[in-house]
Each structure stands twice: as structure tokens, then as C-alpha cells.
Protein chains: 2
Amino acid sequence: MSGAYNSDDKILVAIDCIIFGFDKESLKILLIKRDFEPQKGHWSLMGGFLKKNETLDQAANRTLLSLTGVQDIYMEQLYAFSEVDRDPVERTLSVSYYALINIEDHNEKLTKKYNAQWFDIADAPSLIFDHDLMLQKAIRRLRRRTAIKPVGFDLLPEKFTMRQLQKLYEAILDKEVDKRNFINKINSLDILIKLNEKDMTSSTKGSFLYKFSQEKYDDKLKNNFYIKL
Amino acid sequence: MSGAYNSDDKILVAIDCIIFGFDKESLKILLIKRDFEPQKGHWSLMGGFLKKNETLDQAANRTLLSLTGVQDIYMEQLYAFSEVDRDPVERTLSVSYYALINIEDHNEKLTKKYNAQWFDIADAPSLIFDHDLMLQKAIRRLRRRTAIKPVGFDLLPEKFTMRQLQKLYEAILDKEVDKRNFINKINSLDILIKLNEKDMTSSTKGSFLYKFSQEKYDDKLKNNFYIKL
DNA sequence: TCAAAAGTGTTGCGTTTACACCCATGT
DNA sequence: ACATGGGTGTAAACGCAACACTTTTGA
């Protein structure tokens, strides 16, 4: 029974990427207008097919690179979607990934060269196939991840202010947090480096810039590190 | 480019199930001696192949039923493993699932009719392919799940004592907890029903039996329910 | 009467939350 | 001078962790 390697049951394996970005106020996802049938012209996640000689992680990175020109960003496998008729053309299994990117670093290429577009997660259009499901699952996962890993930093520029970080967490968790409590919490984690520079664009007084310290974080990892807001 | 539905890249999709059980003292997994090549005779997770006309969930349930006679148990998709050479015979993607079953309810069938065997997770043999990896991931996931869902009850008989529940949590989390604190915690969750029966097998005094209340739990779900030990 | 497991509360400590005012600067 | 966002500390409430003795009953 289970010993059968039966070629009849071979199927296509797709990968679809939920790409999160952040632009000072809200959490966004990157979508493209699908340029082939079926559902040509509808909004879709970035997707592609797994090739025979690559892993899923490789396929996800390759797809992302080819569709957006972006590479070396945080990506994580999410879930395998397998409804028999999820793709009307052909039986396809899709493994979804989610990725976090810093919009500023990549924006021009994305929206010009490729016809991709950022949408606020609150008002994203409805997506093809089961992509809405994938998106919902990705958001839940991202929310949970923030409690375990300092994952948000991938969504910010290298240097950022406390307020930006706070806004990011508020956007991800979809709730407001008290500014003093937030700063106390983050400082107690001791994973940031306070720079001697200020960002003068947001206020007359200017606000200090910070950056994430991988070294400090690695130290903390040994002792059950977690962030809870 | 990504529009290509290219048949050359069709591959087999396997599913492998990590089946957890609990026998009063320790957390166990169910393994079988593989009865076909490659690696015939080595210990393996329960596995099978996805058929063209079924979902992964269905395939996982079908496989479990056919290999163990067990059905209607808690199962959850874990992760898709995709190393190109993970199966030496043929390019295969494997989506792993983990399941929780109550050993007492199913034991005879499992170990007699099928040549399956329970192993303490602490001294399981090494497994074929990437199954050890799958097992590690499943254990981590199960540990984390206990904090979010009262998932452990699937591993116990319908009626159980507080001490059994405590031992289960200790086995899953691999740490000892204080009995009074544990009971206080569980009681404060208010998801159990205390029965007017005692289990007289474990002591002369006897200990009260409890059962899980789905209704109470569903009520709690509305307000960010979680268990932390 | 003794052995073995069941059952039961309190206190201290640390973490989380709520909350309000002054500061620096450009206009 | 004033408007705007930046920056700072404290007190109360709560949740978690540590801790020891009495009860029951079969052997």
C-alpha cells in the first residue's frame, strides 16, 4: 500500500509568498496583477513553481528574486495548501512562505520595473485562489512571531527611532501601546544600540536613532528570550 | 516565466505522521518498521503518498487509518520538507503532520495487527530519511501548542486525574512543576468538570476524576485563552 | 500503625499596566 | 509664544513561584 511510488500521483508544487512591508504607519503586503490565465488581471501573491532540482526555500527565494528583484530577506515557510481544486487549471499543491522587507530599500524597483503594488493589510483587494487564506494565516503567524523573535527589525531601515519601532509593533499587533511602557520594555530587552545621531525629520527636537544588535541578541538567545506586548 | 505549468516539474508528495501518545509517565511516539525498500527494516514515521484527488489532511488521515486503524484524532500539519535528495529513490516532497492519541483506547490493534511500536521520545531509535528532523520539529511545536490550546487532553482518557494531567504536562514540557501551583492554574482556567467519581487504582485514598469541557473551553476562547506553565 | 498518594493556601517577588508632565526646537 | 513630537518615573495590581502539612485508607 504505502510502498507504492506511483507516478500517476505526481503533481505540481507551487510556492506563494506573502511579502510584508511597513511604511511608518501601517503594515503592508506586496501584490501583483497576475499576467497569465487563469484569473489574469486579478491581484495575487508572488508565486511560482517548485523545480525538480531545488528545495522549497530555494524556490521561494528564486521566485521572489525574479518577481521583485529582492533577495537576502527574512523568509519563513508557512503552510501547505492542498484543496484539490484550489487551482482550476491543474492539481497543484502550494506551499506558502512569508517574507519581511524594508520598503524603503527596495521600493522603486518593485513598483516600476515589476507591476507590483503595496496594499495596506486593512484594505487589500480580494485575491485569487486561496491566497486570502494564506494571507490571514501569515498575519496570525507574524503576530505570534513578534513575541518570540525580534522579527520586526527586518521591516525597518537599519537605523530607526523608538517611535518608528513602536508604530511597527502597533501595526503588527493591531493595538496601541503606551509609549513609556514600550520604551521600558524594549530597553530592558537590551538588544538595541543607541546611536549618537538624531532623526530630525519627525520633530523639531529630533529623536535618537537606534539599531538592532545581532551580537546582543545572540547573547540573549541563550536565556529564553521573548518579547511580549 | 512563472506562468508556466510545466509537467516536467511534477513530483510525488508524501505525508509523514508523528504520532504522540502518553502512558502515565512519558511522552511516546509510534513508529513502524519500514516494510519496503529503501531502508526496509529501519524505523520510520507513518507515511504515505498524497493521491491526486485528495487534500493533505485527507491523505494524512487515510494513511493513519490504514497503518494503524486509528481515526478521528487530533492532527495538525507541521512543515513541508523538501531537500532534493531526502528520498534516495525519487524526488519527493514530504509534508509532515503530527497527531495526538490516547494510547489506552487504541493500543492492542496498533501493536498486534500492525507492526507498530511505541517509543519513549527520550530513547527513540534513529529514523530513516529526514524523519528525525520531523520529530524534533513536532516536539517543539507540541510544546509550544500546550501554551495556546488545551491540546494535551487528546492524549488522555476521557476521564483523568489531576495527577495524570500534571504528569502529561511534565512529560510534554520536560520539566517538573509544583503540584499545588499546577492545580491552581488548571482550576483557574475553568475548563474542566470535576466528576463525582474517584480513581482508586493509584492510591488508597483515591483521587477525583475530571473531564475536559468543550463548552467551557469554547466560552474561554473568546478572551485570549492561554495556558502557561 | 504505617506507607503512599491526595488534597489544600499563603506570602514574596517580579512583571505589567496605568498614568502626566517637562523638554527642545523651528516657525 | 506656541505648537509639535521627544523623552522620562512611579505606584498599584496582578500573576507566578516557592513552600509543608494534614487526610484517607489498604495492607
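The basis for the numbers below is simple: all heavy atoms, side chains too, and nothing from hydrogens, waters or symmetry mates. So you know, we letter chains A, B, ... as the sequences are listed, proteins then strands, and number each from 1. For clarity, every value in this text was computed on a predicted model and none was experimentally measured.
A straight line from CD of Gln166(A) to P of dG7(D) spans 11 Å, rounded to a whole angstrom. In this entry the distance linking CD1 of Ile186(A) with C1' of dG6(D) reads 17 Å, nearest Å. The distance between atom NZ of Lys228(A) and atom P of dC14(D), rounded to the nearest whole Å, is 15 Å. Whole-Å rounding puts the Phe208(B) CZ to dT24(D) P distance at 11 Å. Distance Arg163(A) CZ to dT4(D) P: 15 Å, rounded to the nearest Å. One atom, CG of Leu229(B), and another, P of dA17(D), lie 9 Å apart when rounded to the nearest Å. Residue Glu176(B) contributes atom CD, which lies 15 Å from atom P of dA17(D) at whole-angstrom precision. Atom CG of Leu192(A) is separated from atom P of dG7(D) by 13 Å (rounded to the nearest Å).
A perpendicular orientation is assigned to the rings of Phe119(B) and Trp43(B), their planes being inclined by more than 60° (bins at 30° and 60°).
Inter-residue side-chain proximity for Met46(A) and Ile32(A) is flagged as met; some heavy-atom pair is nearer than 4.5 Å. With contacts defined as side-chain heavy-atom distances shorter than 4.5 Å, the pair Leu142(B)/Leu27(B) qualifies. Side-chain contact between Asp174(A) and Arg143(A) is present, with heavy atoms from C-beta onward closer than 4.5 Å. No side-chain heavy atom of Leu65(B) sits under 4.5 Å from any side-chain heavy atom of Thr68(B).
Residue-to-nucleotide proximity on DNA chain D shows that, of Ser207(A) and Asn184(A), the 5′-proximal contact is made by Ser207(A). For the pair Met162(B) and Arg180(A), nearest-nucleotide mapping onto DNA chain C gives the more 5' position to Met162(B). Two residues, Asn181(A) and Gly206(A), neighbour DNA chain C, and the one matched to the more 5' nucleotide by heavy-atom proximity is Asn181(A).
Close placement of the Tyr217(B) and Phe225(B) rings is indicated, their centers lying within 6.0 Å of each other. The aromatic ring centres of Phe20(B) and Phe22(B) sit 6.0 Å or more apart. Phe212(A) and Phe160(A) have their aromatic ring centers separated by at least 6.0 angstrom. Centroid-to-centroid, the aromatic rings of Phe208(A) and Tyr210(A) stay 6.0 Å apart or farther.
Contact footprint of chain A on DNA chain C: nucleotides with an atom under 4.0 Å from a non-hydrogen protein atom, first to last in 5' to 3' order, dT16(C) to dG26(C).
DNA chain D lies under 4.0 Å from at least one heavy atom of each of the following residues of residues 195-205 of chain A: Ser202(A), Ser203(A), Thr204(A), Lys205(A).
Contact annotation for Lys185(B): backbone-only contact, meaning every heavy-atom pair under 4.0 Å involves sugar-phosphate atoms and none involves a base.
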